[in-house]
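Whatever order the structure lists them in is the order used to number ligands and atoms, beginning at 1. Predicted model only: the values in this text are computed from it and were never measured.
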Amino acid sequence: MKSEKHSRLVMKFGGTSVGSASAISQAAEIVLAQAIAWPEMVVVVSAMSGVTDDLVRGSLSAAAGDTQTYQGIAASLTEKHTRVVEDLLAPAGELRDQVLHFIDRCLAEFSTLCHSVCVLGELTPRAQDTITSIGERINARIFAALLEQHGAESQAVDASEVIVTDDNFQNASPLAIPTRERAAARLGKLLEQRVIPVVTGFIGATTGGLITTLGRGGSDYSAAILGDCLDADEVWIWTDVDGVMTADPRVVPNAQVIPVLSYSEVGELAYFGAKVLHPRTIRPVIDRGIPLWVKNTFNPGIPGTRIERQSKEVTGTVKAVTAIKGLSMVTVEGRGMMGVPGIAARTFGAVASQGASVLMISQASSEQSICFVVPSETVQGVIRAIEKEMAVELARQDIDRVWAMDDMVIVTAVGAGMRGTPGVAARLFGALGGKGINVIAIAQGASECGVSMVLEARDAAEALRQIHDQVIMNNK
Ligand code: ADP
Ligand code: ASP
Ligand code: MG
């Protein structure tokens, strides 16, 4: 039994957890089952799985001048959501009518927005966010109506009324002070009245009220932001796997659930591609020390993974391995770089000017080259910017060339117990070497809970399986 004090819970249901009528029904049961233990509950919902992708596809096709595709998507999404509502909400009831009307309105809005995009021939990030917010807005309505139908007082809340962000559309960041104020005003009040707010994940709004999104997969982040701003006691992320696992179970079928992880371990995993948590989710809960759980909507009886400040470290152990794809490794090389101050700063200044994020950096001690990894879609711009910045050095041949290898992947082994255990790296390389997998570059984060290796993309799946089976499973 929990003490009286522990009473505020934020739960988030991901796309597959609300991806069909039966999944939504299961998720609602989970919420209702917690109502006694947690008198104050906030539910955060994603769009039904696949819906955000459809909305993006519709808007991109409209921008390309295609007037058909978005209309087809509007019709199929109307039908999809309507069917779910007809399965879940009692016929001829007011709740059902209201939700159906809302769905029609939202998808008519989608068509109108796409029409404008098509006429203008341009899709701005701002328009894209308004368009992609529609999936969450519909789902929050459906979910709240279902809870109401079960007799729980509930209200759908658009996060654009609560999460205030900057205007970095498509990857917005929350502004802490106004979000805290609004969360208390809009949600705190509902909670005191024992109403369950069902809040749209993924979205927010600027101070001027323009809709923003927090980046793909951002509903996890929404839950963490609300957990922080509402001083929640716990945040639970409901998904379609049994918790955070030793590897992506789609690639490594014998992956196992990890019962406890620290914030830094899971932060490293999420940053390096474990899709189970949006990488920015960890920050708001770290700051307040709020325990975060990852649980399976379709297997709610098992505890899942608990993420907390400090997990138990077992010396020398690797807990999980993950991979991030779609990367290019850029190398700046030249014998004239040795000992010249400022080369690295100028290189990364040029990278930053392209808005490219650097996932990993490695510099050989001879200082004759710097290599770093960026998402492939940014690599051409990055190379051009560095060549421009280093034009003089290139002409003098202090720098010989700036070049990139495409189709790279970063594989990262994670575990706080690796700290100061030199043998771990040898075991990782041994596992890969045994299969003839070539490691192109390595880096160890300052937190020392991860070792990252750059490999060719075609080796990724085998590398994950080898590290998993030979290193992680041999921890035990
Ligand atoms: P949701 O829609 O619930 O947010 P996601 O698809 O975003 O779910 O994330 C869950 C998926 O993350 C799982 O189905 C799994 O395939 C993938 N995944 C990748 N790495 C891991 C990992 N280490 N542990 C668990 N799941 C992982
Ligand atoms: N629906 C959004 C997406 O597909 C956000 C999320 O699911 O977390 O990216
Ligand atoms: Mg997700």
Side-chain angles (χ1 to χ4, degrees), residues 11-20 23-24 26-27 30 44-57 77 128-129 131-140 159 163 170-172 199-204 211-225 236-259 261 265-281 293-299 304-305 307 318-325 411-415 450 460-461 464 467-468 472:
M11 284 206 250
K12 173 258 173 177
F13 292 93
T16 35
S17 302
V18 285
S20 64
I24 296 175
Q26 162 79 4
I30 289 173
V44 175
V45 287
S46 291
M48 291 177 75
S49 51
V51 167
T52 311
D53 288 342
D54 284 347
L55 296 168
V56 169
R57 193 161 53 83
L77 290 182
Q128 176 85 84
D129 278 357
I131 291 171
T132 48
S133 70
I134 287 171
E136 270 72 11
R137 282 159 61 203
I138 294 178
N139 240 9
I163 298 182
Q170 300 197 296
N171 196 24
V199 186
T200 54
F202 184 46
I203 69 180
I211 290 179
T212 54
T213 64
L214 306 172
R216 292 303 306 269
S219 297
D220 301 329
Y221 191 28
S222 310
I225 294 166
W236 296 2
I237 305 289
W238 291 93
T239 184
D240 60 355
V241 283
D242 283 344
V244 181
M245 308 186 75
T246 46
D248 185 344
R250 283 174 304 190
V251 184
V252 181
N254 58 332
Q256 294 178 6
V257 181
I258 306 168
L261 277 169
E265 288 170 326
V266 85
E268 197 88 350
L269 269 177
Y271 181 78
F272 285 111
K275 196 189 166 210
V276 64
L277 274 183
H278 184 278
R280 291 162 87 193
T281 306
W293 287 84
V294 178
K295 290 169 174 283
N296 190 347
T297 306
F298 308 102
N299 194 8
T305 300
I307 298 154
V318 177
K319 286 191 181 168
V321 62
T322 186
I324 185 163
K325 294 193 182 130
V411 167
T412 304
V414 175
L464 287 174
I467 292 176
H468 187 264
I472 299 178

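- Qualifying salt bridge (Lys or Arg N to Asp or Glu O under 4.0 Å) partners for D54, counting only residues two or more places apart in sequence or in other chains: R57.
- At under 3.5 Å, a nitrogen or oxygen of D248, whether backbone or side chain, sits near a nitrogen or oxygen of ligand 1.
- For ligand 1, the polar-atom distance check finds no N/O of V241 at less than 3.5 Å from any of the ligand's N/O atoms.
- Evaluation of the side-chain contact (heavy atoms from CB on, under 4.5 Å) rule for T322 yields L269, F272, A274, T412 as partners, not counting sequence neighbours.
- G243 counts as a contact of ligand 1, since one of its heavy atoms falls under 4.0 Å from the ligand.
- Near E136, the atoms of ligand 2 lying under 4.0 angstrom from a non-hydrogen atom of the residue are 1 (N), 2 (C), 5 (C).
- Checked against a 3.5 angstrom limit, the closest N/O atoms of D220 and ligand 2 fall outside it.
- Geometrically, ligand 1 and K12 share a nitrogen or oxygen pair separated by less than 3.5 Å.
- Remark: minimum distance from atom 27 (C) of ligand 1 to any protein heavy atom is reached at V276 CB, 3.7 Å.
- Assignment of G14 to the shell around ligand 2 is not supported, since no heavy atom sits closer than 4.0 Å.
- Atom 3 (C) of ligand 2 has its nearest heavy-atom neighbour, among R216, K275, H278, in R216.
- Judged by distance alone, the side chain of T246 and the main-chain N or O of Q256 form a donor-acceptor pair under 3.5 Å.
- Considering backbone and side-chain N/O of K275, one or more are found under 3.5 Å from N/O of ligand 1.
- At least one N or O atom of G15, backbone or side chain, sits closer than 3.5 Å to an N or O atom of ligand 1.
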*In sequence, state the C-alpha distance, the side-chain angles, and the governing distance for V56 and R216, and then conclude on side-chain contact (heavy atoms from CB on, under 4.5 Å).*
CA-CA 11 Å; V56 169; R216 292 303 306 269; 4.1 Å; yes
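- Taking the charged nitrogens against the carboxylate oxygens, D220 and K275 have no contact shorter than 4.0 Å, which rules out a salt bridge.
- Each of the following atoms of ligand 2 lies closer than 4.0 Å to a heavy atom of S46: 6 (C), 7 (O), 8 (O).
- With a heavy-atom cut-off of 4.0 Å, S46 does not touch ligand 1 at all.
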